**Student:** 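Quick one: this structure, given as structure tokens, is what I'll be asking you about.
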Amino acid sequence: MDKPLTATLNIEQPLDLDQYRNKGGYQGFARALDLTPEEVQQQVKEANLRGRGGAGFPTGMKWGFVPMGEDSPGRKYLVCNADEMEPGTFKDRWLMEGAPHLLVEGMMIAAYAISASVAYLFLRGEYRLCATRLEKAIREAEQAGLLGENIQGSGYSLNLHLHTSAGRYICGEETALLNALEGKRAHPRAKPPFPQVVGLFGQPTVVNNAETLCNIPGILRQGPAWYQDLGRGEDAGTKIYGISGRVKNPGLWELPMGAPAKEIFDLAGGMQHGLKLRGWLPGGASTDFLLPEHLDTPMEYDAIAEAGSRLGTGGIIALDDKHCPVGMVLNLIRFFAQESCGWCTPCRDGLPWASEILNRIESGRGSQEDLDELQRLCDFMWMGKTFCALAPGAVEPMSSAMKYFADDFQQHIDKGCCPYRH
Amino acid sequence: MKIAIRTFSYQDHLNEAEIQAIEKACADYEQRPAAAIEALQIVQKQRGWVDDPCLQAVAELLGMSDAELEGIATFYNHIYRRPVGRHVLHLCNSISCWLSDVDELADHLRGRLQVEFGQTSADGGITLLPNVCLGCCDKAPAMMLDGELIENLSKEKLDQILSKLHQGGENG
């Protein structure tokens, strides 16, 4: 099976420019330069690539909203979202540490497809090794004339800059990221206007996740039909899936889109000795719990949605039977409460409130009314009531845990203590 | 009557290397304030943290108000607006590390260093801070020590690291 995302990945010593080129690197970009930007967009549309950052929006369609042609604004931007901070998610780090040129090439093709003249790679500050290796890849590409003015005599010019952030989850939200890049507090912006029309510094801008961009060179090099065939079910291509928690071998694997969750659990060797699986989050902290009975579900957008959750980042978090589900939700909600940007009230006030109630329940001081209040808060922070998806994302594991682990919540109240503490 | 006029110039507070590095960052953007985060990191790299005069100096250099830059500085987890120790230790407290019982390591660290999270050990050696998910979920628990990610933590491994830091501190 083809593994276009990891075929050139080497975590110990990533390929330099020449080595990457010898393995077919930058052929996708060369192919793109032979096409018009609109034709490149068409290739990615036909490939049916969907965003790997969590939302799963079709990438080609996203690009399609950018004004093109001679009358379009002279300055447009392509931004790579590499602010990977979703708890339980570590796929972009792997790709960037192991295959920096793949991401740089993906960014170059995406920038060309929307006729952007400047690209930014927005990297979370904690990923220092990524920064070093990406910086090196960018310099090599510049020196080889793959970046800069009039690239390879094509008339197309692109400058690519690395922006290292300083740690704040909300920067992963695409409009908050744009504010952060402009040197403003990273609050989300109201949509519309959408960034493709009014984005960075008021100019048309596309923000794509790092893994999404790593898919692009393969599509251009080997064609949309090849890419479509990589997927096992409804969705095209491959995906970096991961798993963490108390499994035998936590890690990351490139698998066809639509591989069942069970396959990932099997690759991880199943649960550690003496532990049973209670539940799992399919794609990071902001996805709904699923149960062991859902393990046969294909890890693709619609199938996971039908099961009641979201594919999210594809980073599975496994909850074992020795860890308290209430404690797990408390840990997640504390994270979201801390990382709320404070812009809108349901998120700013609702999350610390939920965190306080959960803390009370977890430590055995909760009441029946607290459970009702938590349910109300799930509604208070849901879609349509908040400015962005942060609070609804926090509600997903909380409301699903209250549904699937209702008995655990009830026991904390009835017994006046956490039944998992010895 | 003489009126004392307080003048402030960024050049009095930032050194030449810092100013040059910040100017270089500014060149990457359409507008100077966009370099705010890079500028704060440049200053912090040299000094360990960002004090008030430096914050004012960066604001002046970038053409922003002090308050605006302060709003950005305090927004991020890795810009320090208070002095830190010779070493800064960020222990991940997010979900994969929690499932790997990082809370026990947190208690161990608090006991060894005799500090709470957010504090610096009495000898000025180590500042202990929490961190959101460090992206080391398959090798949990994890921490960031002086910018370097360290994975697969245990009490024994932490003790070894702390002893090494302590020796380094005495020697240097």
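Quick caveat, the model's predicted, so the values are computed rather than measured. The analysis underlying the following values was restricted to heavy atoms, covering all of them including side chains, and did not include hydrogens, waters or symmetry mates. First the proteins, then the strands, lettered A, B, ... as listed; each starts at 1.
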**Student:** Name all residues meeting the ring pair (Phe, Tyr, Trp, His ring centres under 6.0 Å) criterion together with B:Phe75; count only those two or more places apart in sequence or in a different chain, and write none if there are none.
**Tutor:**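 Per chain and number, B:Phe75 pairs via ring pair (Phe, Tyr, Trp, His ring centres under 6.0 Å) with no residue.
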**Student:** Side chain from CB out, backbone as N, CA, C, O: work out which of these in B:Cys97 comes under 4.5 Å of a heavy atom of chain A, or both, or neither.
**Tutor:**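 For B:Cys97, there is no contact with chain A at all, as no heavy atom is under 4.5 Å.
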**Student:** Between A:Pro250, A:Gly125, A:Ala180, which residue shows the highest count of heavy-atom pairs closer than 4.5 Å to chain B?
**Tutor:**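 Of the candidates given, the most pairs with chain B belong to A:Pro250.
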**Student:** Using non-hydrogen atoms only, which part of B:Ile37 is less than 4.5 Å away from chain A: side chain, backbone, both, or neither?
**Tutor:**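 Only the side chain of B:Ile37 comes within 4.5 Å of chain A.
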**Student:** Is it the side chain or the backbone of A:Ala318 that comes within 4.5 Å of chain B heavy atoms, both, or neither?
**Tutor:**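 The answer is the backbone of A:Ala318.
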**Student:** Does B:Gln11 have any side-chain hydrogen bond (donor to acceptor under 3.5 Å, both in side chains) partners at least two apart in sequence or in another chain, and if so, which?
**Tutor:**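 With sequence neighbours excluded, B:Gln11 shows a side-chain hydrogen bond (donor to acceptor under 3.5 Å, both in side chains) to B:Ser9, given in chain and number order.
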**Student:** What residue, out of A:Ala268, A:Gly242, A:Ala166, A:Gly251, has the most heavy-atom pairs lying under 4.5 Å from chain B?
**Tutor:**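 When all of A:Ala268, A:Gly242, A:Ala166, A:Gly251 are compared, A:Ala166 has the most.
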**Student:** Only counting residues at least two apart or in another chain, list the ones meeting salt bridge (charged side-chain N to carboxylate O under 4.0 Å, His left out) with B:Glu116.
**Tutor:**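 By the salt bridge (charged side-chain N to carboxylate O under 4.0 Å, His left out) rule, B:Glu116 matches B:Arg110.
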**Student:** Do you know which two heavy atoms are closest between A:Gly88 and B:Cys133, and how far apart they sit?
**Tutor:**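 Result for this residue pair: N-SG, 3.5 Å.
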**Student:** Does any backbone or side-chain atom of A:Leu200 lie under 4.5 Å from a heavy atom of chain B? Answer side chain, backbone, both or neither.
**Tutor:**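 A:Leu200 has no heavy atom closer than 4.5 Å to chain B.
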**Student:** Do you know which of A:Leu319, A:Ile243, A:Leu181 has the most heavy-atom pairs with chain B at a distance under 4.5 angstrom?
**Tutor:**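 With the most close heavy-atom pairs to chain B, the winner is A:Leu181.
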**Student:** Let's test your reading of the structure: which of A:Ala186, A:Gly342, A:Ala285, A:Cys171 forms the most heavy-atom pairs below 4.5 Å with chain B?
**Tutor:**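 Most pairs with chain B among the choices: A:Ala186.
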**Student:** Between A:Cys341 and chain B, which part of the residue has a heavy atom less than 4.5 Å away: side chain, backbone, both or neither?
**Tutor:**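 It is both, since atoms from each part get that close.
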**Student:** Examine whether an atom of A:Ile317 lies under 4.5 Å from a heavy atom of chain B, and if so say whether it belongs to the side chain, the backbone or both; otherwise answer neither.
**Tutor:**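 Contact with chain B involves the side chain of A:Ile317 alone.
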**Student:** Taking side chain as everything from C-beta outward and backbone as N, CA, C, O, which of these in B:Leu149 sits under 4.5 Å from a heavy atom of chain A? Side chain, backbone, both or neither.
**Tutor:**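 The side chain, not the backbone.
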**Student:** Just so I understand: if I count every heavy-atom pair under 4.5 Å between each of B:Ala36, B:Ala39, B:Gly147 and chain A, which residue has the most?
**Tutor:**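 Between B:Ala36, B:Ala39, B:Gly147, the count favours B:Gly147.
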**Student:** Give each N or O donor-acceptor pair spanning chain B and chain A at a distance under 3.5 Å, with atom names and distance to 0.1 Å, or state none.
**Tutor:**
{"from": "B:Asp28", "atom 1": "O", "to": "A:Tyr120", "atom 2": "OH", "distance (Å)": "2.5"}
{"from": "B:Asp28", "atom 1": "OD1", "to": "A:His161", "atom 2": "ND1", "distance (Å)": "3.2"}
{"from": "B:Tyr29", "atom 1": "OH", "to": "A:His163", "atom 2": "ND1", "distance (Å)": "2.8"}
{"from": "B:Glu30", "atom 1": "OE2", "to": "A:Tyr77", "atom 2": "OH", "distance (Å)": "2.4"}
{"from": "B:Glu38", "atom 1": "OE1", "to": "A:His163", "atom 2": "ND1", "distance (Å)": "3.4"}
{"from": "B:Glu38", "atom 1": "OE2", "to": "A:His163", "atom 2": "ND1", "distance (Å)": "3.4"}
{"from": "B:Gln41", "atom 1": "NE2", "to": "A:Ser165", "atom 2": "O", "distance (Å)": "3.0"}
{"from": "B:Gly71", "atom 1": "O", "to": "A:Arg185", "atom 2": "NH1", "distance (Å)": "2.8"}
{"from": "B:Phe75", "atom 1": "O", "to": "A:Arg168", "atom 2": "NH1", "distance (Å)": "2.7"}
{"from": "B:Asn77", "atom 1": "N", "to": "A:Ala166", "atom 2": "O", "distance (Å)": "3.4"}
{"from": "B:Asn77", "atom 1": "N", "to": "A:Gly167", "atom 2": "O", "distance (Å)": "2.9"}
{"from": "B:Asn77", "atom 1": "ND2", "to": "A:Gly167", "atom 2": "O", "distance (Å)": "3.1"}
{"from": "B:Asn77", "atom 1": "ND2", "to": "A:Glu339", "atom 2": "OE2", "distance (Å)": "3.2"}
{"from": "B:His78", "atom 1": "N", "to": "A:Ala166", "atom 2": "O", "distance (Å)": "2.9"}
{"from": "B:His78", "atom 1": "NE2", "to": "A:Glu126", "atom 2": "OE2", "distance (Å)": "3.1"}
{"from": "B:Asn93", "atom 1": "O", "to": "A:Asn331", "atom 2": "ND2", "distance (Å)": "2.9"}
{"from": "B:Ile95", "atom 1": "N", "to": "A:Asn331", "atom 2": "OD1", "distance (Å)": "3.4"}
{"from": "B:Ser96", "atom 1": "OG", "to": "A:Ser244", "atom 2": "OG", "distance (Å)": "2.7"}
{"from": "B:Leu99", "atom 1": "O", "to": "A:Arg246", "atom 2": "NE", "distance (Å)": "3.0"}
{"from": "B:Leu99", "atom 1": "O", "to": "A:His323", "atom 2": "NE2", "distance (Å)": "3.2"}
{"from": "B:Asp101", "atom 1": "OD1", "to": "A:His323", "atom 2": "NE2", "distance (Å)": "2.8"}
{"from": "B:Asp101", "atom 1": "OD2", "to": "A:Arg246", "atom 2": "NH2", "distance (Å)": "2.9"}
{"from": "B:Cys133", "atom 1": "O", "to": "A:Arg124", "atom 2": "NH1", "distance (Å)": "2.7"}
{"from": "B:Cys133", "atom 1": "O", "to": "A:Arg124", "atom 2": "NH2", "distance (Å)": "2.9"}
{"from": "B:Gly135", "atom 1": "O", "to": "A:Arg93", "atom 2": "NH1", "distance (Å)": "2.9"}
{"from": "B:Glu151", "atom 1": "OE2", "to": "A:Arg93", "atom 2": "NH1", "distance (Å)": "3.0"}
{"from": "B:Glu151", "atom 1": "OE2", "to": "A:Arg93", "atom 2": "NH2", "distance (Å)": "3.2"}

**Student:** Measuring heavy-atom distances to chain B, does A:Ile316 have an atom under 4.5 Å in its side chain, in its backbone, in both, or in neither?
**Tutor:**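 Interface part for A:Ile316: neither.
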